[in-house]
Amino acid sequence: MTRKERYRLVYDYFEKHNPEAETELVYVDPYQLLVAVILSAQCTDKRVNLTTPAFFQKYPHLPSLSRASAEEVFALIKSISYPNNKSKHLVGMAKKVMEQFNGKIPMKVEELIQLPGVGRKTANVITSVIDQQPNMAVDTHVFRVAARIGLTLKATTPFAAEKQLVAFTPTHMIHKAHHWLILHGRYVCIARNPHCEICGLKPFCKYFQHLQAKESS
């Protein structure tokens with residue numbers, strides 16, 4: 001099987017079984033999504049979704065958040081991982097957007113990564129979800145799943161994995177492929193003891209083929 005064929009089979013499967021894949025973070029506009037994604041770093045979407053309603057009630061838009069103190073924000077997100085840093089990042093992000101981007105969240109990766117708390121992965125999420133730009137966000141799930149299946153080869157960094165995934169994924173599918181891979185990693189191809197018994201990708205998964213070879217040897 002060629003790499004191109006593997007990609008086609010994987011995406012055909014996802015297109016058939018999860019055609020409407022989307023983020024599990026709850027949001028109504030770019031501001032809310034950006035806050036949620038910043039909060040989600042090394043934290044579950046479920047925990048973020050439990051936290052954001054009270055947050056957005058107090059800070060419904062960028063201007064209100066830009067006037068907050070990190071201590072005030074901390075009180076609302078203390079159940080989230082790394083609340084000290086994230087409190088500072090959120091306030092700093094809001095201030096920078098207000099001061100340098102006229103109060104509008106930018107939709108270019110190179111501009112987004114100038115904001116506190118926003119790295120390449122977060123910028124790719126925002127631009128692909130909000131604007132359906134062909135940007136591939138590579139988190140731990142995507143990095144693991146892509147390597148296991150055989151979509152990426154010898155990619156030692158998220159950026160290396162991103163470049164390979166973008167190169168082999170049809171442009172119109174890139175924004176959706178991120179969700180396919182992350183959800184597959186979250187619920188099926190988990191880090192320890194992946195649920196291969198229920199996985200529909202077994203026929204074209206390098207990891208499963210390796211397991212079969214070990215069992216038969």
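Starting from 1, each residue takes its place in the sequence as its number.
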How close do [X] and [Y] get, counting heavy atoms only, and between which atoms?
| X | Y | result |
| --- | --- | --- |
| Val188 | Cys199 | CG1-CB, 3.8 Å |
| Arg3 | Leu151 | NH2-O, 3.0 Å |
| Gly92 | Pro116 | C-CG, 3.6 Å |
| Gly185 | Val145 | CA-CG2, 3.4 Å |
| Leu39 | Cys43 | O-CB, 3.6 Å |
| Ala146 | Leu165 | CB-CD2, 4.1 Å |

- Task: Show your working on side chain to side chain contact (heavy atoms under 4.5 Å, CB included) between Asn49 and Leu25 and close with a plain yes or no.
- Result: CA-CA 6 Å; Asn49 290 337; Leu25 292 169; 4.1 Å; yes
[atom1]-[atom2] distance between [X] and [Y], expressed to the nearest 0.5 angstrom:
| X | Y | atom1 | atom2 | answer |
| --- | --- | --- | --- | --- |
| Ile182 | Thr140 | CD1 | OG1 | 7.5 Å |
| Thr169 | Tyr11 | OG1 | OH | 2.5 Å |
| Cys196 | Gln212 | SG | CD | 9.5 Å |
| Gln114 | Gln100 | CD | CD | 6.5 Å |
| Lys58 | Leu65 | NZ | CG | 11.0 Å |
| Arg144 | Cys189 | CZ | SG | 6.0 Å |

Please check this pair: side chain of [X] against backbone of [Y], looking for a donor-acceptor N/O pair closer than 3.5 Å.
| X | Y | answer |
| --- | --- | --- |
| Lys176 | Ala21 | no |
| Ser128 | Met136 | no |
| Glu72 | Ala68 | no |
| Arg148 | Lys206 | no |
| Lys88 | Ala70 | no |
| Gln132 | His175 | no |

Is [Y] close to [X] at the side-chain level, that is, under 4.5 Å between some pair of heavy atoms?
| X | Y | value |
| --- | --- | --- |
| Pro203 | Leu9 | no |
| Phe74 | Asn84 | yes |
| His184 | Asn18 | no |
| Leu112 | Ile105 | yes |
| Leu181 | His141 | no |
| Val35 | Met93 | yes |
| Asp139 | Val125 | no |
| Tyr187 | His195 | no |

Give a yes or no on whether [X] atom [atom1] has more than 12 heavy-atom contacts from other residues, nucleotides or ligands under 6.0 Å away.
| X | atom1 | result |
| --- | --- | --- |
| Lys202 | NZ | yes |
| Glu5 | CD | yes |
| His210 | NE2 | no |

- Query: Do Lys78 and Ser87 pass the side chain to side chain contact (heavy atoms under 4.5 Å, CB included) test, and can you show the C-alpha distance, the side-chain angles, and the key distance before you say yes or no?
  - Reply: CA-CA 9 Å; Lys78 57 187 177 183; Ser87 298; over 6 Å; no
- Message: Using ring centroids (six-membered ring only for Trp), state whether Tyr31 and Phe56 fall under 6.0 Å.
- Response: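 Yes; Tyr31 has its ring centre under 6.0 Å from that of Phe56.
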- Lys/Arg N to Asp/Glu carboxylate O, Glu162 vs Arg120, below 4.0 Å: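 Between Arg120 and Glu162 there is a salt bridge, with a charged N closer than 4.0 Å to a carboxylate O.
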Hydrophobic cluster membership, with links at side-chain heavy-atom distances under 4.5 Å among I/L/V/M/F/W/Y: are [X] and [Y] in one?
| X | Y | result |
| --- | --- | --- |
| Met98 | Tyr59 | yes |
| Phe55 | Val91 | yes |
| Tyr207 | Phe143 | no |
| Val118 | Val142 | no |
| Ile113 | Leu90 | no |

- Does the side chain to side chain contact (heavy atoms under 4.5 Å, CB included) test come out yes or no for Ile38 and Leu115, once each step is laid out? CA-CA 11 Å; Ile38 290 173; Leu115 304 177; over 6 Å; no
- Message: Working note: Asp45 + Arg186, criterion side chain to side chain contact (heavy atoms under 4.5 Å, CB included); need CA distance, chi angles, decisive distance, verdict.
- Response: CA-CA 11 Å; Asp45 287 1; Arg186 190 172 288 166; 3.1 Å; yes
- Message: Would you call the rings of Phe168 and Tyr7 parallel, tilted or perpendicular, taking 30° and 60° as the class edges?
- Response: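 Because their plane-to-plane angle is under 30°, the rings of Phe168 and Tyr7 count as parallel.
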